[in-house]
Amino acid sequence: MKTSFAYFALLVLTLLTACSEQDYYDPSSQKIPEELSDLTVPTGFDWTTSSQIALNLDVDDQYNGAYYYKVQIFDSNPIITPGASLLAEGLAKKNELFKAKITYAKSDSILYVQETDPSGNRSIKAITVSSNSIQAKVVGLKSDMETKSANLSYTVPTKTYATPSNAIIISGSSPFYTRPQNGISSFVIPAGQTFEGALDNGWYSDVFVYVEGTWKNTASSTSLNNIKLIIQNGGKYMPAQETSSITVNGTSKIVVATTGQFNPEKKTVNIEMNNESPQVINNSLTFNINNISNIKDLFNYGTMSASGTLSTNTSGVQIINEGSLTTQALAINGANIINTCKFVVNGTASLADATVNVAADKLFKCSILKLEYNNTIALDSRAILDVTNELQFNNNNVFVKGPESGDKALLRLEKFSVNNWSKPTFSGYLQIESSDYPESKDPTSYYILSNVEFVRKGESTVNIPSTDCNAGGNVIGNNEPTTPRTYPMDVTLGDTYSYAFEDNYPGIGDYDMNDFVLDVKLAYTLSAANKVSKLDIKTKVRAIGASKRLAAAIQLDGVLKGNIKSVTATGTLFKGDVFSVTNGIENNQNYAVLPITDDAHALFGVETSQVVNTRADKSYLPAKDIVFSVTFNNPVDISTVALFDMLNVFIINGGYNTSNRKEVHLRGYNPTEKATDLSSGKNYSSSDFVYAIRTPKSVKYPLEWTKISDSYPQFKTWVLSNGQSNPDWYNTYQTNKVYLLEK
């Protein structure tokens, strides 16, 4: 019999071939080989690569309990990863939660819940788990409370101004100098009159120009220089030139009243704001410009349209939109944007060191959104961030937030991309709808916090009524159920677990971890809420690296033999001198024991001395499928039992046809009632080394005579760190040191 390091055996999912049989009670046989002297196993190390979590999942039932929703748990996002592994599945509706205790890989810090409503729409929610927590409760994907996350407070500017009765009249067509006269610094273009000329203020402070009639500005370039330009109700600003510019500097303002008009002919007008505290305040339905650059304070309470770009280049900037604001492009650095109605960027919006707050039921829309560094987009309940082309995360410290509770906000995308190591964060009650999700994997990973949901394009479940401020909203019709679901339902789990055993117990052995390699996959039938009435255990014997006879079986821990209604087994093989079996269950056991074989070599039709599928220079023999279909008298409650962890897989490596039966189990699993090698109290492990290991996926196993630590370079670090480092060590192997001939 080959010797093997117990610890490696458990971890690598393979059995070591035995070179010679040793006394089971000889302490010298457990001496650690020189090759393993540098591997000190931490005291209490459990050798496990998976954890349990208990889930209680509610649904946002829109059918008042009339129909079931399907609930599925995956190890990765099934929208992003087509090969996402299904961990559990069931049904839920109002007042009937889906409950399941599931097993997941310790390397997975996030699990994903997919909810499919009765009309077929699917939404996916991330659940953050940790190695220190075995329970998570997700109750309700919606709350009746409405708590806002956006900061919509700001100091409202003076929005209306009355024309003083003593204002100096501006008339004629010559340049007009707005210098204070006799202490009067207010000027007016009276209603019904047109001034065709330019204004020149010099740098006098607190000068007001009121336009009640029409100012047809003949200048191609105008510097307001502290002028407060007030376009009153009925007044118009009409540039004479096809292209012109206005500099709003110092303490200048442009204020347009509710029925005033700014550039109604939509000529090319460029506004530049700089210095001190200039403001543009629009209350009207007609405010047309090309560019506004160097924005300091921009307030829109009406309808503003920019055919060019709105841009900033300093800090402390405010852009407040409580009406309809449309621009071709947006280039923002150092600004706080508050949107309480409709903000549309027809082209590209580029943000850096900026905050965008969108009020409930309101819309911020653009074609391309480039988020550089230090950006936060905060959406209230039912707010919409709509990116019709691409959302780009180009730098770090970027956050997209939904409300802290209440109805979800909607992030509606065509696609999004994440540049190297920018790691954006999605959080709050937020639903993301997209046709193209990138995989969250370094260096282009992103963080998903609790309450964030994913949906496929066109499958949003967030109902947002249409208003003038959200361009149609996101109206969800009262969809009739297309596929009503009920019990019983059949479920096939996507994950496959590999088991490996060291057959040289109690000797440590040569730790090449390929004495016996077994894969296990599960399917089950739910007969009622959270109740498994039938369990299919699909096993595959992949390799026999041992040169001694081995038997194998599965004990269903916690399942009394009397609770087994029937067992159907296919592919098993027995000589009849190890197991005494009735109706597929071993006799004289308290718990149900399902024998796989009492001679593993015979499964492949080879002699006991011949190893199977562990040498690259020998022909590959097809793996052997063995399937058990187990029906229960009393269904198993998966809210209290994790099905994979219920499987106590073991081998027998001695005492085959005697009363001195030697069983080898995973650490933490007890031997059966028929095991007799109990004098050490640890017939399934020796000191801190183990003789069997399980991984949460089907993995490659080492070639014959190749140490597991050589085949898997991260294995040693995993052990020495007490499992804290490289929990997914089994994903990284040396291709020339593992068996690759499997088909």
Side-chain angles (χ1 to χ4, degrees), residues 13-15 492 496-501 503 515-525 534-546 548-557 559 561 563-608 610-613 621-632 643-644 646-658 661-666 669 671-675 692 694 698 742:
L13 307 169
T14 60
L15 292 177
T492 298
T496 297
Y497 277 65
S498 287
Y499 294 76
F501 294 81
D503 77 331
D515 286 351
F516 185 85
V517 183
L518 180 74
D519 278 3
V520 177
K521 188 178 180 68
L522 297 181
Y524 57 82
T525 298
K534 180 172 171 288
L535 178 65
D536 291 331
I537 307 171
K538 304 174 182 180
T539 73
K540 178 179 290 187
V541 181
R542 298 166 59 196
I544 310 295
K548 66 181 294 184
R549 182 180 174 185
L550 298 177
I554 303 172
Q555 176 171 274
L556 304 182
D557 281 358
V559 179
K561 187 171 63 174
N563 193 30
I564 303 299
K565 183 176 183 180
S566 66
V567 175
T568 301
T570 59
T572 56
L573 184 147
F574 304 105
K575 291 183 176 180
D577 57 351
V578 176
F579 300 110
S580 172
V581 179
T582 302
N583 296 327
I585 306 173
E586 186 176 21
N587 294 324
N588 302 317
Q589 296 276 23
N590 186 30
Y591 295 126
V593 174
L594 310 176
I596 296 173
T597 183
D598 59 9
D599 190 334
H601 291 84
L603 282 173
F604 293 89
V606 302
E607 297 296 325
T608 302
Q610 181 179 339
V611 297
V612 178
N613 297 341
L621 297 180
K624 299 301 177 181
D625 294 319
I626 300 172
V627 179
F628 298 94
S629 182
V630 182
T631 303
F632 304 102
L643 294 178
F644 263 113
M646 182 179 71
L647 305 183
N648 185 350
V649 181
F650 65 95
I651 64 168
I652 301 172
N653 71 337
Y656 309 109
N657 53 7
T658 72
R661 174 156 143 176
K662 321 299 183 196
E663 293 181 1
V664 180
H665 294 250
L666 293 171
Y669 284 83
T672 74
E673 293 180 67
K674 288 195 172 186
R694 184 186 75 178
S698 181
E742 288 183 290

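Any value given below was found using the heavy atoms of this structure, including those in side chains, with hydrogens, waters and symmetry copies removed.
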(Q) Once ring pair (Phe, Tyr, Trp, His ring centres under 6.0 Å) is applied, do any residues pair with Phe650, and if so which ones, sequence neighbours excluded? (A) His665

Q. In Å and rounded to the nearest 0.5 Å, what is the NZ to OH distance from Lys662 to Tyr656?
A. 10.5 Å

Q | Intermediate values then yes/no, side chain to side chain contact (heavy atoms under 4.5 Å, CB included), Ile626 and Leu603 | A | CA-CA 10 Å; Ile626 300 172; Leu603 282 173; 4.1 Å; yes

Q. Between Pro595 and Gly584, which heavy-atom pair has the shortest distance, and what is it?
A. CD-O, 3.7 Å

**Q.** Sequence neighbours excluded - side chain to side chain donor-acceptor pair (under 3.5 Å) pairs with any residue from residues 572-582
**A.** Arg549-Asp577, Lys575-Asp599, Ser580-Asn587, Thr582-Asn587

(Q) Tell me every residue that passes salt bridge (Lys or Arg N to Asp or Glu O under 4.0 Å) with Lys534, counting only those two or more places apart in sequence or in another chain. (A) Asp536

Q. Just how far is it from atom CE of Met646 to atom CG of Leu535, taken to the nearest 0.5 Å?
A. 5.0 Å

Q) Got a sec: does the CG of Asn583 have more than 12 other heavy atoms crowding it under 6.0 Å? A) no

Q | Atom pair CD1 (Ile554) and CG (Asn648), whose distance is rounded to the nearest 0.5 Å | A | 9.5 Å

Q. Run the side chain to side chain contact (heavy atoms under 4.5 Å, CB included) check on Val517 and Asn613 step by step: do they pass?
A. CA-CA 10 Å; Val517 183; Asn613 297 341; over 6 Å; no

Q | Flag side-chain contact, heavy atom, 4.5 Å: Arg661 against Thr672 | A | yes

Q. Considering residues at least two apart in sequence or located in another chain, which fulfil the side chain to side chain contact (heavy atoms under 4.5 Å, CB included) criterion with Val567?
A. Ile564, Ile585, Leu594, Phe628, Val630

Q.
Distance check, rounded to the nearest 0.5 Å: Ile652 atom CD1 versus Glu663 atom CD?
A. 5.5 Å

Q) Closest approach of Ser498 and Ser698, non-hydrogen atoms and distance? A) OG-CA, 3.1 Å

**Q.** Distance in Å, Leu550 CG paired with Thr608 OG1, rounded so as to fall on 0.5 Å steps
**A.** 9.0 Å

Q.
Checking Val627 now: which residues fulfil side chain to side chain contact (heavy atoms under 4.5 Å, CB included) with it, not counting sequence neighbours?
A. Lys538, Thr570

Q) Do Phe579 and Gln589 have side-chain heavy atoms sitting under 4.5 Å apart? A) no

**Q.** Phe644 and Leu522, any side-chain heavy atoms less than 4.5 Å apart
**A.** yes

(Q) With a 4.5 Å cut-off on side-chain heavy atoms, are Tyr499 and Leu647 touching? (A) yes

Q | Lys674: partners by salt bridge (Lys or Arg N to Asp or Glu O under 4.0 Å), with sequence neighbours left out | A | Glu586

Q. Do any N or O atoms from the side chain of Thr597 and from the backbone of Leu573 form a donor-acceptor pair under 3.5 angstrom?
A. yes

Q: Please identify each residue that fulfils side chain to side chain donor-acceptor pair (under 3.5 Å) with Glu742, with sequence neighbours left out.
A: Arg542

Q.
Just to verify, what does Tyr591 make a ring pair (Phe, Tyr, Trp, His ring centres under 6.0 Å) with, not counting sequence neighbours?
A. none

Q) Got a sec, which residues hit side chain to side chain contact (heavy atoms under 4.5 Å, CB included) with Asn563, two or more places apart in sequence or on another chain? A) Val559, Phe632, Asn633, Asn634

**Q.** Closest non-hydrogen atom pair, Val593 against Ala553
**A.** CG1-CB, 4.0 Å

Q) Arg694 versus Val649: any side-chain heavy-atom pair under 4.5 Å? A) no

(Q) For the CD1 atom of Ile544 and the CG atom of Asp503, what is their distance to the nearest 0.5 Å? (A) 9.5 Å

Q: Using side chain to side chain contact (heavy atoms under 4.5 Å, CB included) as the criterion, list what pairs up with Ala552, not counting sequence neighbours.
A: Phe516, Ile596, Ile651

**Q.** Side-chain (Lys548) to main-chain (Asn653) donor-acceptor, under 3.5 angstrom
**A.** yes

Q | Student check: side-chain heavy atoms of Val541 and Val612 closer than 4.5 Å | A | no

